[in-house]
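Please read the structure below before turning to the comments.
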Amino acid sequence: MSEIRFDNRVAVITGAGGGLGKTYAVELAKRGCKVVVNDLGGSSDGTGASPMADQTVAEIKAAGGEAVANYDSVSTPEGGEKIIKAATDKWGRVDIVINNAGILRDKSFLKLSPEDLSIVLDVHLKGAFFVSQPAFKVMKEQGYGRFLFTSSAAGIFGNFGQSNYGAAKMGLVGLSNVLAVEGAKANIRSNVIAPIAKTRLTEGLLGPLANMLLPEQVTPLAIYMVSEACQLNHEIISVGGGRFARVFVGLAQGWAAGKGKVPTVEELHENFDKVMSPEGYIIPKSIQEEMGLLMKALV
Ligand code: NAI
């Protein structure tokens with residue numbers, strides 16, 4: 001099997017001063033990639049700032065790799081532009097963006113303040129948008145690009161006390177899906193991972209499992225998914241503790257009332273087991289595939 005390399009490729013990794021992002025930066029650099037190590041360097045609730053990215057860059061350079069630090073916040077359009085400009089100014093291109101920066105403001109729904117909502121949406125969802133938009137422009141011109149977004153089981157499946165975070169993390173699935181559709185012709189691929197690993201964000205949350213969930217067990221998937229060898233697009237992969245599993249949004253065959261018919265509430269009630277049956281589901285890659293299924297039911 002040939003080694004997966006990233007020579008002449010340029011990656012931007014947000015939130016790469018520590019945790020999962022740092023492992024991606026170090027591994028990509030080891031494989032020949034030039035890396036922009038972005039990190040605002042705040043605390044895990046999104047307050048403060050520090051030159052945390054320097055440590056990752058120092059480690060990469062000490063191992064003979066190439067990297068630059070960037071300390072801008074992902075959460076503003078200007079920050080996003082500057083992060084991508086750090087790559088184009090230094091190396092003239094951007095091949096890979098790993099949207100990884102993240103914070104937590106966990107509270108049960110009724111206790112959540114508007115500020116807890118805004119800051120979490122700003123970093124995770126808007127932040128990924130602000131970094132990806134200028135990168136998409138560059139990738140389109142190059143005719144090559146790989147996006148990786150970091151979602152979470154908290155959004156995909158739901159978790160107590162994470163309504164702000166869950167909404168942001170599921171929003172990223174929507175963003176990635178649209179980039180997968182819009183970028184396909186320009187050889188741009190966009191995918192999502194939903195990791196589980198012991199980092200400063202989760203240390204207190206994983207209980208006795210924590211020491212079996214190493215960040216390094218997530219790294220190979222992230223590296224593979226941003227490589228040229230990976231042709232996946234519009235996918236979500238769950239990863240943790242060395243286990244890798246596809247997550248998908250399926251569309252079942254459903255029940256159709258009949259051409260031109262408006263069913264009664266009772267008729268719908270009677271047929272609800274067919275509405276709910278997963279039998280014969282498809283995994284649509286775009287809205288067109290749902291329309292295809294709908295047309296079949298109508299004609
Ligand atoms: P981490 O706290 O070690 O890493 C997140 C990094 O993002 C930090 O270094 C932080 O300084 C940086 N950051 C925060 N706000 C920023 C901003 N505005 N601009 C630039 N950088 C910023 O935590 P971890 O676990 O490595 O998190 C990485 C990603 O994985 C996050 O998006 C997180 O939500 C996600 N995730 C992690 C899980 C886990 O089990 N560790 C579970 C599911 C998702």
Side-chain angles (χ1 to χ4, degrees), residues 12-26 36-57 69-84 86 97-106 118-131 148-159 162 164-173 175-176 192-207 209-219 221-222 236-241 243 247:
V12 171
I13 307 169
T14 68
L20 290 165
K22 183 177 180 184
T23 72
Y24 308 155
V26 168
V36 173
V37 177
N38 158 264
D39 208 300
L40 177 64
S43 59
S44 54
D45 68 356
T47 52
S50 68
M52 210 173 143
D54 289 354
Q55 217 177 317
T56 308
V57 170
N70 171 281
Y71 318 108
D72 287 297
S73 172
V74 297
S75 66
T76 66
E78 300 74 39
E81 290 280 354
K82 281 195 202 161
I83 293 166
I84 296 307
V97 171
I98 305 184
N99 285 292
N100 166 80
I103 59 164
L104 285 179
R105 288 284 180 104
D106 292 358
S118 297
I119 192 168
V120 166
L121 291 180
D122 283 353
V123 174
H124 291 276
L125 184 56
K126 290 192 193 169
F129 193 103
F130 294 143
V131 172
L148 190 64
F149 291 86
T150 313
S151 186
S152 166
I156 299 173
F157 304 122
N159 193 27
Q162 295 197 301
N164 52 353
Y165 182 78
K169 288 306 201 187
M170 202 55 188
L172 290 171
V173 173
L175 174 56
S176 176
V192 176
I193 59 168
I196 306 174
K198 180 187 166 187
T199 65
R200 71 173 192 174
L201 272 193
T202 53
E203 232 161 352
L205 307 171
L206 296 172
L209 275 183
N211 289 330
M212 294 161 75
L213 297 166
L214 307 176
E216 290 73 18
Q217 289 172 305
V218 173
T219 320
L221 179 72
I236 310 167
I237 309 288
S238 156
V239 51
R243 171 180 168 270
V247 177

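In listed order, ligands and their atoms are each counted from 1. Computed from heavy atoms alone, side chains included, the values below leave out hydrogens, waters and symmetry copies.
The ligand atoms of ligand 1 that sit less than 4.0 angstrom from a heavy atom of Ala197 are 39 (C), 40 (O), 41 (N). Residue-ligand proximity, Asn38 to ligand 1, at heavy-atom distances under 4.0 Å covers atoms 20 (C), 21 (N). Each of the atoms 32 (O), 34 (O) of ligand 1 lies under 4.0 Å from some heavy atom of His124. Heavy-atom proximity to Gly41, at under 4.0 Å, picks out these atoms of ligand 1: 11 (O). Every atom of ligand 1 with a heavy atom of Val123 under 4.0 Å away is listed here by number and element: 15 (N), 18 (N). Annotation for ligand 1: atoms under 4.0 Å from non-hydrogen atoms of Gly19 are 3 (O), 26 (O). Remark: ligand 1 atoms within the under-4.0 Å shell around heavy atoms of Ser73 are 17 (C), 18 (N), 19 (N).
Residue-level proximity to ligand 1 for Leu20 is carried by backbone and side chain together, each with a heavy atom below 4.0 angstrom. Using a 4.0 Å cut-off between heavy atoms, Ser151 contacts ligand 1 through its backbone alone, with no side-chain atom that close. With a 4.0 Å cut-off on non-hydrogen atoms, Lys198 does not touch ligand 1 at all. Only the side chain of Ile103 comes within 4.0 Å of ligand 1, counting heavy atoms alone; its backbone N, CA, C and O stay farther away. In Thr14, neither the side chain nor the backbone holds a heavy atom less than 4.0 Å from any atom of ligand 1.
Proximity of Asn38 to Ile13: side-chain heavy atoms (C-beta onward) are nowhere separated by under 4.5 Å. The shortest distance between side-chain heavy atoms of Phe149 and Asn100 does not fall below 4.5 Å. Proximity of Ile83 to Phe130: side-chain heavy atoms (C-beta onward) are nowhere separated by under 4.5 Å. Contact annotation: the side chain of Asn99 approaches that of Val131 to within less than 4.5 Å [non-hydrogen atoms, C-beta and beyond]. Side-chain contact between Lys169 and Thr150: present, with at least one pair of heavy atoms (C-beta onward) separated by less than 4.5 Å. For the pair Leu221 and Ile237, the minimum side-chain heavy-atom distance is below 4.5 Å. In this structure the side chain of Ser238 reaches within 4.5 angstrom of the side chain of Arg243, judged on heavy atoms. At least one side-chain heavy atom of Thr199 sits less than 4.5 Å from a side-chain heavy atom of Thr202.
Here the closest heavy-atom approach between residue Asn70 and residue Lys82 is recorded as ND2-O, 3.9 Å. Closest heavy-atom contact between Lys22 and Gly17: CD-O, 3.9 Å. Of all the heavy atoms in Pro195 and Val218, the pair that sits closest is CB-CG1, 4.0 Å. Residues Ile84 and Val12 come closest through the heavy atom pair CD1-CG2, 4.0 Å. What you find for Ser151 and Val173 is that their closest heavy atoms are OG-CG2, 3.8 Å. What you find for Ser50 and Gly41 is that their closest heavy atoms are OG-O, 2.8 Å.
Looking at Ser44 next to ligand 1, no N or O pair under 3.5 Å apart turns up. Residue-to-ligand polar distances keep Met52 apart from ligand 1: every N/O pair is separated by 3.5 Å or more. Among the atoms of Gly21, none of the N or O lies under 3.5 angstrom from an N or O of ligand 1.
Listed for the Thr47 side chain is no donor-acceptor partner under 3.5 Å among the backbone atoms of Ser43. Asn164 contributes a side-chain N or O that, together with a main-chain N or O of Arg105, makes up a donor-acceptor pair within less than 3.5 Å.
Counting protein heavy atoms only, atom 24 (P) of ligand 1 is closest to Thr199 OG1, 3.4 Å. Counting only heavy atoms of the protein, atom 6 (C) of ligand 1 lies nearest to Gly15 O, 3.5 Å. When only non-hydrogen protein atoms are considered, atom 30 (O) of ligand 1 lies nearest to Thr150 CG2, 3.2 Å. Closest to atom 28 (C) of ligand 1, if we only count protein heavy atoms, is Asn100 OD1, 3.0 Å. For atom 27 (O) of ligand 1, the nearest protein heavy atom (residue, atom name, distance) is Leu201 CD1, 3.7 Å. In terms of protein heavy-atom proximity, atom 9 (O) of ligand 1 is closest to Asp39 OD2, 2.6 Å. Counting protein heavy atoms only, atom 21 (N) of ligand 1 is closest to Leu40 N, 3.3 Å. For atom 36 (N) of ligand 1, the nearest protein heavy atom (residue, atom name, distance) is Tyr165 OH, 3.5 Å.
Ligand 1 has no atom lying under 4.0 Å from any heavy atom of Lys22. Residue contact annotation: Gly127 has no non-hydrogen atom under 4.0 Å from ligand 1. Residue contact check for ligand 1: Gly46 places no non-hydrogen atom closer than 4.0 Å to it. By the 4.0 Å heavy-atom criterion, Gly42 is counted among the residues contacting ligand 1.
For atom 42 (C) of ligand 1, the nearest non-hydrogen atom from the set Gly240, Ser152, Pro195 belongs to Pro195. When the options Ile98, Asn70, Asn159, Thr202 are ranked by their closest heavy atom to atom 39 (C) of ligand 1, first place goes to Thr202.
With respect to Ile193, the side-chain contact (heavy atoms from CB on, under 4.5 Å) criterion is satisfied by exactly one of Leu148, Ile236, Ile98, Leu20: Leu148.
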